[in-house]
Amino acid sequence: STFISVQDPNGACPPGPSSLITGTIENEYQEVIEEVTVTLSDDLGMNIPVITGPTGIFQFNYGYGDYEVTPEKDINYLNGVTTYDLVLISKHILGIELLDSPYKMIAADANNNGSISTLDIVKLRALILHINDELAENESWRFVDANYTFPNPFNPFEEAFPESILFGMDMPNPGTANFVGMKIGDVNGTASPNSLL
């Protein structure tokens, strides 16, 4: 049993066909989000991560095939989460003042159960009081395909929303994979998405 590694150090083989996948990650206020780990994966087990910088842009250049692009950011849970967010979530639950976008509603679902309830307030309060340093059932940020239109914007949990983007063999070149990011627990947009702000 052995391994053979075929290489082309002199560039004798012509480059094969390739595809370019680019994208930008922003919040709903069009502020770019940095330190997002974006992973390009395929059916063969390939996982290639890149991390967005202060411009929120990422890029992959790989051969033709079927790919999935998935963003993830799971750091700094308290970024933008304050007691005022708890007040706004309480008003939404009581029907006094509803959250005005599906992205804010997703951000309010701290326990990731597909609804907004007092349990979410309890989870966020424990975070603010440093009883917990993370949300056990959720990540710090969630991401949705920027081209996705919610069938019911007043209930974004009615159908599963796409948190990754699939590309097939017939993808346009370059392919575009833009995402909208939501900081979980921050429903008034005070989270700092990048170091430039």
Side-chain angles (χ1 to χ4, degrees), residues 23-38 51-58 70-165 178-197:
T24 305
I25 302 182
E26 301 177 332
N27 61 20
E28 67 176 310
Y29 309 104
Q30 286 76 52
E31 298 168 335
V32 295
I33 304 172
E34 73 174 325
E35 293 185 303
V36 179
T37 302
V38 185
I51 298 176
T52 60
T55 61
I57 296 172
F58 64 90
T70 309
E72 181 182 37
K73 184 174 181 177
D74 200 25
I75 58 174
N76 197 0
Y77 279 81
L78 271 176
N79 182 10
V81 181
T82 64
T83 52
Y84 185 56
D85 293 301
L86 304 184
V87 171
L88 294 176
I89 295 171
S90 298
K91 286 183 177 181
H92 177 85
I93 293 169
L94 297 171
I96 298 170
E97 184 181 337
L98 298 179
L99 297 172
D100 60 5
S101 81
Y103 304 115
K104 290 175 185 171
M105 292 178 206
I106 294 169
D109 181 21
N111 64 356
N112 195 19
N113 70 345
S115 67
I116 302 170
S117 68
T118 52
L119 291 176
D120 299 305
I121 295 174
V122 170
K123 295 287 185 184
L124 293 172
R125 183 176 291 128
L127 202 64
I128 292 169
L129 295 173
H130 298 282
I131 296 170
N132 296 328
D133 57 359
E134 64 180 14
L135 299 169
E137 299 89 4
N138 212 340
E139 297 188 348
S140 179
W141 289 78
R142 299 280 297 276
F143 301 91
V144 176
D145 179 354
N147 292 325
Y148 179 69
T149 302
F150 291 91
N152 181 2
F154 303 104
N155 183 8
F157 312 108
E158 195 170 84
E159 292 183 16
F161 46 85
E163 298 189 73
S164 62
I165 298 176
N178 296 326
F179 291 91
V180 177
M182 296 136 290
K183 173 65 187 68
I184 301 302
D186 173 33
V187 296
N188 65 344
T190 57
S192 177
N194 63 66
S195 56
L196 296 179
L197 288 176

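Everything quoted here is computed from the prediction, not taken from an experiment.
- The side-chain heavy atoms of D109 and N111, taken from C-beta on, include a pair separated by under 4.5 Å.
- Considering only heavy atoms from C-beta on, K73 comes within 4.5 Å of E35 through its side chain.
- With a 4.5 Å cut-off on side-chain heavy atoms, N132 and Y77 do not count as touching.
- K183 is listed as a side-chain neighbour of V81, based on a closest heavy-atom distance under 4.5 Å.
- Looking only at side-chain heavy atoms (C-beta outward), N79 and W141 come within less than 4.5 Å of each other.
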Next item on the list: Given side chain to side chain contact (heavy atoms under 4.5 Å, CB included), test F179 with V36 step by step and report yes or no.
Entry: CA-CA 11 Å; F179 291 91; V36 179; over 6 Å; no
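- Side-chain contact between K123 and E137: present, with at least one pair of heavy atoms (C-beta onward) separated by less than 4.5 Å.
- Remark: N152 pairs with E158 by the side chain to side chain donor-acceptor pair (under 3.5 Å) rule, at least two apart or across chains.
- Taking the six-membered ring where tryptophan is involved, the planes of Y103 and F150 are perpendicular, since the angle between them exceeds 60° and thus also 30°.
- With a 4.5 Å cut-off on side-chain heavy atoms, L124 and D85 do not count as touching.
- Proximity of N112 to R142: side-chain heavy atoms (C-beta onward) are separated by under 4.5 Å at one or more points.
- When every heavy atom of F58 is checked against every heavy atom of T24, the shortest pair comes out as CE2-N, 4.0 Å.
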| request: Test side chain to side chain contact (heavy atoms under 4.5 Å, CB included) on F157 and I106 and set out the steps. | output: CA-CA 8 Å; F157 312 108; I106 294 169; 4.1 Å; yes
Next item on the list: Please report the C-alpha distance between I128 and L86 in whole Å, then the side-chain angles of each, then the deciding distance to 0.1 Å, and finally whether the side chain to side chain contact (heavy atoms under 4.5 Å, CB included) criterion is met.
Entry: CA-CA 10 Å; I128 292 169; L86 304 184; 3.9 Å; yes
